[in-house]
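Heads up, the thing below is written out as structure tokens.
Note that these values count all heavy atoms, side chains included, but never hydrogens, waters or copies made by symmetry. Just so you know, ligand 1 is whichever comes first in the structure, and atom 1 is the first atom listed for that ligand.
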Amino acid sequence: MSDLALCRAQLQIDVGNTRLKWRLCSQNEVKARGFLVWSDFSGPPELLAQLAVALAGAAVESVLVSSVAAAEVAVAIDQWARQCFDVEARFAVVSPRAAGVDVGYDNPAVLGVDRWLAVLAASAYQADGVVVVDCGSAVTVDVLCGSQHRGGYIVPGLRLMNAALFQDTARVRVVPDWQVSGLPGRDTVSAVSSGLPLMVAGLVNEVWSRQLAQGGGGQHWKVLLTGGDAPLLVALLADKMEVLVVEDLVLDGLSLAESRPLDRGQGLI
Ligand SMILES: Nc1ncnc2c1ncn2[C@@H]1O[C@H](COP(=O)(O)OP(=O)(O)O)[C@@H](O)[C@H]1O
Ligand SMILES: CC(C)(COP(=O)(O)O)[C@@H](O)C(=O)NCCC(=O)O
Ligand SMILES: [K+]
């Protein structure tokens, strides 16, 4: 029997457009974590079968999910949780106010739940304001000022920007070797490899400067980076601002959502 089989655990899942990230928590400790890449599988059933293998017989007592994938993925996860663990998967939703934070979108229902959970998790960090950057398939930059989510920005992530160049140019079809020197490239690969991370860093820097210039929230601001490309981008930002990489900010938001009383009876957060 594996060690995991001995623990009664909560399974937390963050479904993004490139990867499904998961972790098993028991008694406020992370017992195991991992990720699966959508493009390695034919579809949700095959990926979820692999997830069951990775869980190595753990006694999963509850399943919490953040998903920005198609509705069919949520249906598949729900069926899978019932079959494997005899539990209903609970899906986080965006509500106008949760855990003391007011959402910045006019229509909260269209805000990505991953962004909302990351913002809620960010509210637990001591700061006047936080710029929350999720560097995934898309890069999202959300602004939390005090307890007010001010909204945010969505741009393509590094891989998507590279794919756009690959698809719509004749001579910029490169496999990047990402560079965080910020130096001008001296060939096509290095021009792209240096340029795209610098572009994302430029956005974060601009948002950061604008928020500080705008004031109103005090001057102690932090930047939290999460998502697959976060470790890459930190080097381009760290000398200009207080920046932290938080591996599982969205899953931290799920933990927080569960630990707080529900707002307005809308389910998990
Ligand atoms: N093994 C990997 N497979 C795919 N992408 C990876 C991998 N490791 C790092 N990445 C990078 O992470 C990004 C995806 O980050 P992630 O936060 O998982 O995105 P999403 O939430 O959109 O699924 C990709 O665009 C890629 O640049
Ligand atoms: C912007 C996103 C695609 C980011 O998803 P990811 O890159 O993590 O896969 C996702 O948060 C989403 O689908 N949002 C809905 C639109 C919005 O937030 O306005
Ligand atoms: K993202």
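- Nearest to atom 21 (O) of ligand 1 among the protein's heavy atoms is Lys21 NZ, 2.8 Å.
- The side chain of Val37, and not its backbone, has at least one atom closer than 4.0 Å to an atom of ligand 1 (non-hydrogen atoms only; side chain from C-beta on).
- In this structure, the protein non-hydrogen atom closest to atom 6 (C) of ligand 1 is Arg19 CD, 4.4 Å.
- Comparing Ser137, Pro176, Gly112 by heavy-atom distance to atom 22 (O) of ligand 1, the nearest is Ser137.
- For Leu158, the heavy-atom gap to ligand 1 stays at 4.0 angstrom or more.
- Below 3.5 Å of separation, one finds an N or O of Ser137 facing an N or O of ligand 2.
- No side-chain N or O of Thr188 forms a donor-acceptor pair with one of Arg171 less than 3.5 Å apart.
- Using a 4.0 Å cut-off to heavy atoms of Asn17, the atoms of ligand 1 that qualify are 20 (P), 22 (O), 23 (O).
- For the residue pair Gln211/Arg150, the side-chain donor-acceptor check at 3.5 Å is satisfied.
- By the 3.5 Å distance cut-off applied to N or O atoms, Asn17 is counted among the residues near ligand 2.
- Taking every heavy atom of Gly112 and a limit of under 4.0 angstrom, the matching atoms of ligand 2 come to 11 (O), 14 (N), 15 (C), 17 (C), 18 (O).
- No hydrogens or angles considered: nothing links the side chains of Ser255 and Asp252 as a donor-acceptor pair under 3.5 Å.
- For ligand 1, the atoms closer than 4.0 angstrom to any heavy atom of Gly227 are 17 (O).
- Only the backbone of Val110 comes within 4.0 Å of ligand 2, judged by heavy-atom distances.
- There is a side-chain donor-acceptor pair under 3.5 Å between His220 and Glu242.
- The single protein non-hydrogen atom nearest to atom 5 (N) of ligand 1 is Thr18 CG2, 3.9 Å, given as residue, atom name and distance.
- When only modelled atom types and interatomic distance are considered, Gln10 and Ser62 share a side-chain donor-acceptor pair under 3.5 Å.
- For Asn107, the CG atom counts as densely surrounded, since its 6.0 Å shell holds more than 12 non-hydrogen atoms of other residues, nucleotides or ligands.
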Next item on the list: Begin from the C-alpha positions of Lys21 and Glu247 and carry the test salt bridge (Lys or Arg N to Asp or Glu O under 4.0 Å) through to its verdict.
Entry: CA-CA 10 Å; Lys21 281 77 66 183; Glu247 194 177 353; over 6 Å; no

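- In the candidate list Gly228, Gly157, Pro231, Gly228 is nearest to atom 15 (O) of ligand 1, counting heavy atoms.
- No more than 12 heavy-atom neighbours from other residues, nucleotides or ligands sit within 6.0 angstrom of CG on Asp86.
- Around CD of Glu61, the count of heavy atoms belonging to other residues, nucleotides or ligands within 6.0 Å exceeds 12.
- Checking only distances, Asp134 never comes within under 3.5 Å of ligand 1, N or O to N or O.
- For atom 19 (O) of ligand 1, the closest non-hydrogen atom of the protein is Gly136 CA, 3.3 Å.
- Applying the 4.0 Å criterion to heavy atoms of Thr140 picks out, from ligand 2, the atoms 1 (C).
- At the top of the distance list for atom 24 (C) of ligand 1, counting protein heavy atoms only, stands Arg159 NE, 3.6 Å.
- Within ligand 2, the atoms closer than 4.0 Å to a non-hydrogen atom of Arg115 are 11 (O), 17 (C), 18 (O), 19 (O), numbered from 1 in the order shown.
- Of the protein's heavy atoms, Ala138 N, 2.9 Å lies nearest to atom 7 (O) of ligand 2.
- Across the listed options Asp142, Val155, Asp114, Val139, Asp114 owns the non-hydrogen atom lying nearest to atom 4 (C) of ligand 2.
- Ring pair Trp80/Phe85: centre-to-centre distance below 6.0 Å.
- Scanning the protein heavy atoms around atom 19 (O) of ligand 2, the nearest turns out to be Tyr105 OH, 2.6 Å.
- Heavy-atom contacts of Gly16 reach the following atoms of ligand 1: 20 (P), 21 (O), 23 (O) (cutoff under 4.0 Å).
- Ranking protein heavy atoms by distance to atom 10 (N) of ligand 1, first place goes to Asp229 OD1, 4.5 Å.
- The K ion (ligand 3) has no N, O or S atom of Asp114 under 3.4 Å away, backbone or side chain.
- Remark: Asn28 CG is loosely packed, at most 12 non-hydrogen atoms of other residues, nucleotides or ligands lying under 6.0 Å away.
- The atoms of ligand 2 that sit less than 4.0 Å from any heavy atom of Gly16 are 9 (O).
- At the shortest separation from atom 1 (N) of ligand 1 among protein heavy atoms lies Phe35 CE1, 3.8 Å.
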Next item on the list: Evaluate the criterion salt bridge (Lys or Arg N to Asp or Glu O under 4.0 Å) for residue pair Arg115 and Asp134; output intermediate values, then yes/no.
Entry: CA-CA 8 Å; Arg115 297 174 59 192; Asp134 190 337; over 6 Å; no

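- Not one N or O of Val68 is nearer than 3.5 Å to an N or O of ligand 2, by distance alone.
- The K ion (ligand 3) has an N, O or S atom of Ala138 under 3.4 Å away, backbone or side chain.
- Ion pairing of Lys31 with Glu29 is present here, as a side-chain N (NZ or NE/NH1/NH2) and a carboxylate O approach within less than 4.0 Å.
- Side-chain atoms of Asp102 and His149 form no donor-acceptor pair, as typed in the model, at a separation below 3.5 Å.
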